[in-house]
Every structure is written in C-alpha cells, then in structure tokens.
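Convention: sequence-line order gives letters A, B, ...; per-chain numbering from 1.
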Protein chains: 2
Amino acid sequence: MPVTRRDVAKLAGTSPAVVSYVLNGGPRGVAPETRERVLAAIEELGYRPNRIAASLRRNRTMTIGLVVPDNTNPYFAELAHAVEDAAFDAGYTLLLGNAGSDVKRETSYVRTFLDSRVDGLVLIPSGEVVASAGELAESGTPWVVLDRLVDHVDGVAGQLVSDNRHGGRLATEHLLWHGRTRIGCITGPGHVANFNERVLGWRDALGGNGRDATAAALRETEISRFAARDAARDLLQATPGIDGVFAVTDEQALGVLRALMELGLRCPDDVALVSFDGIDASSLTTPGLSTVGQSIRELATSGVSVLLDAIERDDDAPAERAADPARPLVFPVHLTPRGSCGCPDVFESATRRDTGGRR
Amino acid sequence: MPVTRRDVAKLAGTSPAVVSYVLNGGPRGVAPETRERVLAAIEELGYRPNRIAASLRRNRTMTIGLVVPDNTNPYFAELAHAVEDAAFDAGYTLLLGNAGSDVKRETSYVRTFLDSRVDGLVLIPSGEVVASAGELAESGTPWVVLDRLVDHVDGVAGQLVSDNRHGGRLATEHLLWHGRTRIGCITGPGHVANFNERVLGWRDALGGNGRDATAAALRETEISRFAARDAARDLLQATPGIDGVFAVTDEQALGVLRALMELGLRCPDDVALVSFDGIDASSLTTPGLSTVGQSIRELATSGVSVLLDAIERDDDAPAERAADPARPLVFPVHLTPRGSCGCPDVFESATRRDTGGRR
DNA sequence: TTGTATGCGTTATCAC
DNA sequence: GTGATAACGCATACAA
C-alpha cells in the first residue's frame, strides 16, 4: 500500500492539489501555515512522489537514453561516464543500452527507449547508418550522435565528433619526426567513418613526405586489443622493415604493444607506436602510450548540452530548429607524447593527477 | 500529437480495450477478424504503446536500477555489462548510476530509482554500509548487493560475492610456490570488506608457511592504477628485499607493473606479481597478468536472477521471503597463471578467444 | 488563498 | 466474444 498525495493531503487537512503546489513550488502559492502542515505530513508518512505518474501527466520523464556499442571498451566507458555526469548534473536519469556492434540490438534499444518516452537520446552508432533514424524522426524525440559520424540523419539535433583526419596526420607526422620511415597502420572496421578518416590522415602525412602508404602496411581489425594483437603480429611479420605503427585506437595499441613483446621487438627502440583516443589507461602502460587525445569529457558534455537545448526548444516551439544540426561539431585533438613514440616517458603521479584531473 | 490506443481503436472500428488484448495477448481472447483490423490499424498509424502509462497502470515498470561505483573501472564495466545483458534477456531496461565512491551520490541514485519505481535494484556498494537500506526496505523494492559484502542489510534479497579470502590465499601460495619469500601486498581502501578478506588470505598463506606478514610489506591505496603505482614505488623502495607482490585488484596491478618498469625491475624475474579479478585486460598486458579470476559473468547473471525471482515473488505474495537472503552467495575463484608470476605466458589469440568467449 | 474536477494512456473489471 | 468504464498518481485549469 503505497502512500500517495491523497494520504498526505488528508493528514495535513488539505487537498492533494495543495500538496503538489508546495512540492513543485508552484504554479500557485500556498499559505505558509498550510505548507508547514503539508511538509510535516510528508515527513511523517515518508511520502515519495511517483515519477511515473508525474511523467505521464507532464509528458516529460526526465530521463535520457544512451546507446553505446560496448561499455566495456575503456573509451566508451569514459564517454558514458561523462554523459552520465552531465545528465546527473542536469537532473536527468540515464537509461543505458549496449548495442554490441549489433545493429539489431541498437534498433531494439532505440525502440524501447522511445517507448519509455525518454526526453532525449544520445547515440553512439554501431553501424555505418542509424537504422532507427526514421523511427526517431517520427517520434519527435530529440537525439544526438556522439563520436561517430553517420549519413542519413535528417532529424538529428546534433553530431559531435573529433577531428579524426587531422589527428591521424598528427600521429603519423610525429612518427616521421622521430625519424621513422616505414610506418604501418592498424585500423578498425571499414564501415566506421572515424577510422577511415584517421587512416586518411595517416596517408596525408606519408604522402606529404614523399612516401607512399601502400595497402601492404595496413591491417583492419575489430576494436579489440586481442584482434589487434593478431593483426599486428601479421603486419610486423609480413612487412619486416616497419619501424613505426599508427593504431587508430588506444585499445588496439594495447594489442600492438603485446605483439611487439611477443616478437621480441622493443618499443619504441625497434618499433615506435602512436595511437588515438587518449583514454586514461594510455598513460600507464609500459611504455606509456603516445596518443592523439580526444576531448572525451567535452565531447560528452557538449553532446548532452546540445540535446538538452533541443529538448527545451522542443518544449517551447516544436517547429523551431537549431542552426543546421546536420553539420557536425568537430572537436580538436591534441598529441600527447609519451614513451611509446620515443619521447621521454613522463611519470604522472596519482596525486598530481587528482588535483589536475577532470573538472 | 501522439497516436494513442484510442486512435487505433477508432480506425479499427473497435474499442481501446480490444487493442490492449491483441497487443498483450490477453487476458482475453479476440476474434481473428478483429485482430487483423487492429494490427492493420497499428501498422498504418505507426502506433507505439506508451510504457509510462502502462507502468502506472500495472504498477510495474520493467526497469531495474544499477548503482555502480565507477563504470570506468574495467572490473565494474564488465560487471555492468553482464548485468545489462541479463536484464535485456529478461526484457528489462537498465537505469545506470555512477556513485563514484561518494555515498551521498549513491543515496541520491537509490532514491531517484525508487521514485522512478524500478522493479528492482542492483547495488554495488561504495561504502562499508548501505546508507539507503532503510529507504529500500520501506519502499518494498527488491534489491541485491553485488560484489561487495556489507553489514546491516536486512531487507536485501541476496548478496553475491566471490570467495575473497580463499582467492587471496591462492594468489599468495602461488607466489610461494614459485619460490618467492618476501611477498608484499597492495590493497584497497580498508572500509571495503573484499580487500580486507583478500589481505587475510595473503596473511593466511604467509602464516601457514612460517613467514610473518608485517605491516611493513603492506600498502593501502585507492582502486586506481595511478594510486597503486605510487604505492608500489613506495613499497618497493622502502622494503628492498621484496621479490613478490600480491595486488588485490587487477587495476592496481597495472600500476604495479608500471612502477616496476620505472624502478628498472623486471617482472617476473625480479618481482613476481599476482593480482585479483580476472578482467579481460589482464590477459594482454606485458607480461600477462597472473590473476585470481572471479566468475564475473556468473556473479552478475545470478545477481539479476535472484533479483528477478524476488520481484516475481513480491508480485505473488508480498509476505513470502527467500531462504535466508542475508546469507551471501559465495562464488568460487580460480587462479589463472600467466607471465607475471613466472609461469609461461600463454598467448591467447583473438580467434580462439572469440569462439570460446562469452555465451 | 483554497478545494474540485478533468485528463495523461493504459489495463482490467464490468455488464452485455 | 465484445464495448463501455473506472482507476493508476499526479498536475493544473477552474470555480469558489
């Protein structure tokens, strides 16, 4: 037998409506003396408002959905955590779904979240297109695409990505600067634009320096350190002269590191390595991972911010639209040199980290 | 203007109730001919049922809440992923909250989830007690405690943990077996029972072998590879003779690995290392991490299972109770020797992994 | 200032 | 087998 507004009202000797007014601070005032009685009654009964009922009435759930390929991947984990933080700060609750590179499951989650009437949706696409774009548009629920650029996203409120191509170039140029001449590349699935962009950056850098980036020096694998380890072994053995590797994700770089060890090659002495993402873990491998860091927290925070703006706007004037939401917001990346490329390996202590850390 | 059951009913020339019956497959039958018209109308209008309204009516949301200390920690990430999988399979949606070792925030999330009328709650406690146990009990919402044992949890439907003490002993005995004689320990915050248990296991093993485990060989840090790196440096420098280290979490072991490198010590040659958890990442460090593996997936799956049972039971007979839910379910652990303890480092290839992997 | 009444979209209990 | 109708808990417009 749950305690409801009726019970509170009865105990306070007033009406349920008044209880609402004191709880919501409006839209009407309530006599100080009545308010006291109401608060006392709430306290006494341990009354807790039912968000479900409020959601139904207000047509607003104060929840947002987050669909992520795999929260087990450190990069997505950091992204998800930052999204959750931003949502929490704004008073929203997060519904989480792992799509697991399975477009079917991604669609299923989007549908479930829409049925749950989330106020907005943050989507990190698993495939090259968002299969649910149609349903999303039809539902009128605002949504943003995070981290990965996709086509055919008409109704989207915003797309937020890092400057992948530039990052790929930065990484490769840095390897060249270290005097490396034969630079291989470990990349992710070809249907993900991010990775193709990073590979383009790799080609940009090599081309600009008079070297050609042949397919021979490229391996495509899943975004998994295990798959990357196998690919790196294959690459290193098939192309003996390689003295540098650009891995398009930190996760894969961990596998490359392992492959080097297994083959008896030293990093960076024999093979220098630069990767991409800038996850926390990259600073504490052996050696430290030189990486092109993304502004993970900013990406997530801005994504939620864009989403909440769209939700607000939707509430006021359903017709209005943000300025060209189809044009992606591109976030800058920055090279963080550490040991794996041949730069001095900076020892970042935990205490220094904690003071200078996030927020 | 959302399309509702009324619209479907009108188009199909029937009543909203009938639409419910065809959608829910009960509790009453419906004439095949009517059912066809209803389905056609649903299709035509692109009707999607409103879960919020259904939840309010049914007093059942088909959601469960998960409160986790930090989904960025690989161990919790794997746990969370497994919980999500189990929930998904059972048709439940997951609400996620990061408490971040902040009991205040944990309480806040529990409250929010209760207000959202989750059907059940999975809690990985951040503190030594569950501050919200009272509210939980009062609400009557079933909940389980995962991974960490805590006191004063009267209303809990179940507690699921690994055999921490035994694991600590396993790890340490293995180091002894390798001929290591001075074995230090890096542990986590003293208010977490898990870590204390693992430390007890460490003492057990040392005591049983006639060696004494002095406080000098112990360092307590946060569960962070960064903090652990600092602590390990301190430990290794303050106690020169150390030839083995037991780290109570894989996460911390990563920091120990780094500390060893920085001090010019080789692992396992100079210092052998065994840790605890068995996260995916442990198999691909350099060297591979010897670790006492938990059955992460089973822990999560059983946790959800216990929770769902309690939900079912609650639905049928609110009074009934499971058999002594206060007694924790203890899961076995298993030693996975790899390179860091001195065992041969098995190279687990991605392909072999994928076939033998989860599910 | 306060109480009353209606509706949000569903589900389930009614008579028919 | 079917259609009307009440209720879930809350928010607010409206009458008092």
Side-chain angles (χ1 to χ4, degrees), chain A residues 1-38 41-42 45-63 112 114-119 139-141 315, chain B residues 1-39 41-42 45-63 114-119 139-141 315:
Chain A
M1 59 220 79
V3 32
T4 155
R5 252 169 174 69
R6 300 187 73 86
D7 307 317
V8 174
K10 183 170 299 178
L11 180 58
T14 180
S15 77
V18 174
V19 179
S20 270
Y21 300 143
V22 21
L23 241 33
N24 303 342
R28 235 180 44 190
V30 42
E33 205 261 343
T34 316
R35 138 181 257 95
E36 276 317 308
R37 288 206 316 277
V38 168
I42 289 176
L45 296 176
Y47 166 75
R48 298 257 76 208
N50 184 327
R51 284 186 73 176
I52 298 294
S55 295
L56 179 61
R57 177 60 226 247
R58 294 191 140 121
N59 209 22
R60 203 90 155 28
T61 56
M62 295 308 284
T63 61
T112 303
L114 289 181
D115 290 352
S116 303
R117 297 300 190 267
V118 292
D119 294 332
S139 78
T141 306
D315 255 20
Chain B
M1 60 223 76
V3 32
T4 157
R5 249 168 177 70
R6 299 188 75 85
D7 306 317
V8 175
K10 182 170 300 178
L11 181 58
T14 179
S15 77
V18 173
V19 179
S20 270
Y21 301 144
V22 20
L23 241 33
N24 303 342
R28 236 181 42 194
V30 45
E33 205 260 342
T34 317
R35 138 182 256 93
E36 276 317 309
R37 288 206 317 276
V38 168
L39 290 175
I42 288 176
L45 297 176
Y47 166 74
R48 298 257 75 208
N50 185 328
R51 284 186 73 176
I52 297 296
S55 295
L56 178 61
R57 179 59 226 239
R58 286 212 235 237
N59 207 24
R60 202 89 155 30
T61 56
M62 295 308 284
T63 61
L114 289 181
D115 290 352
S116 303
R117 297 300 189 269
V118 292
D119 293 333
S139 77
T141 307
D315 255 20

Could you tell me which non-hydrogen atom of A:P49 sits nearest to which non-hydrogen atom of B:R117, and how far apart they are?
-> O-NH1, 3.8 Å

Could you state the CG-C1' distance from A:N50 to C:dC8, rounded to the nearest angstrom?
-> 13 Å

What is the distance from atom CG of B:D119 to atom CZ of B:R58, rounded to the nearest 0.5 Å?
-> 10.5 Å

Starting at CZ of A:R48 and ending at C1' of D:dG9, how long is that distance when rounded to a whole Å?
-> 15 Å

Where do A:P16 and A:A9 come nearest, in terms of heavy atoms and distance?
-> N-CB, 3.4 Å

Report yes if at least one side-chain N or O of A:T4 is closer than 4.0 Å to OP1 or OP2 of D:dG9; otherwise report no.
-> no

Phosphate oxygens OP1/OP2 of D:dG9: is one of them under 4.0 Å from a side-chain N or O of A:Y47?
-> no

Is the closest basic N to carboxylate O distance between B:R48 and A:D115 below 4.0 Å?
-> yes

Atom CZ of A:R117 and atom P of D:dC10 are separated, to the nearest Å, by 21 Å

Mind calculating the distance between CG (A:N59) and P (C:dT6) to the nearest angstrom?
-> 22 Å

Do the side-chain N and O atoms of B:Y47 and B:R5 include a donor-acceptor pair separated by under 3.5 angstrom?
-> yes

Under the side chain to side chain contact (heavy atoms under 4.5 Å, CB included) rule, what do A:V38 and A:R35 come out as? Steps first, then yes or no, please.
-> CA-CA 5 Å; A:V38 168; A:R35 138 181 257 95; 5.6 Å; no

Taking only Watson-Crick and G-U wobble pairs with both distances under 3.5 Å, what dot-bracket line describes DNA chain C, where [ ] shows pairs that cross earlier ones and | shows pairs with another strand?
-> |.||||||||||||||

Length of the CD1-C1' vector between B:I52 and C:dG7, whole Å | 17 Å

What does B:S55 touch in the nucleic acid at a heavy-atom separation under 4.0 angstrom: a base, only the sugar-phosphate, or nothing?
-> nothing

Please state whether the base of C:dT13 and the side chain of B:Y21 form at least one donor-acceptor pair under 3.5 Å?
-> yes

What nitrogen or oxygen pairs link the protein and nucleotides 5-8 of chain D at under 3.5 Å?
residue	atom	partner	partner atom	Å
D:dA7	N3	B:R57	NH1	3.0

Heavy-atom closest contact (B:A41 atom, B:V8 atom, distance) | CB-O, 3.8 Å

Take the protein atom CD1 of A:I42 and the nucleotide atom P of D:dC10, then report the distance between them rounded to whole Å.
-> 10 Å

Give the rounded distance in Å between these two atoms: CZ of B:R5 and P of C:dA12.
-> 10 Å

Output the single nucleotide from C:dT10, C:dT2, D:dA11 whose closest atom is nearest the side chain of A:S20.
-> D:dA11

Separation of C:dT10 C1' from A:D115 CG (nearest whole Å) = 13 Å

Closest heavy-atom contact between B:T61 and B:T63?
-> OG1-OG1, 2.8 Å

Contact summary for A:L56 and B:L56, nearest pair of heavy atoms = CD2-CD2, 3.4 Å

Phosphate-side-chain proximity, B:R60 and C:dT11, N/O vs OP1/OP2 below 4.0 Å = no

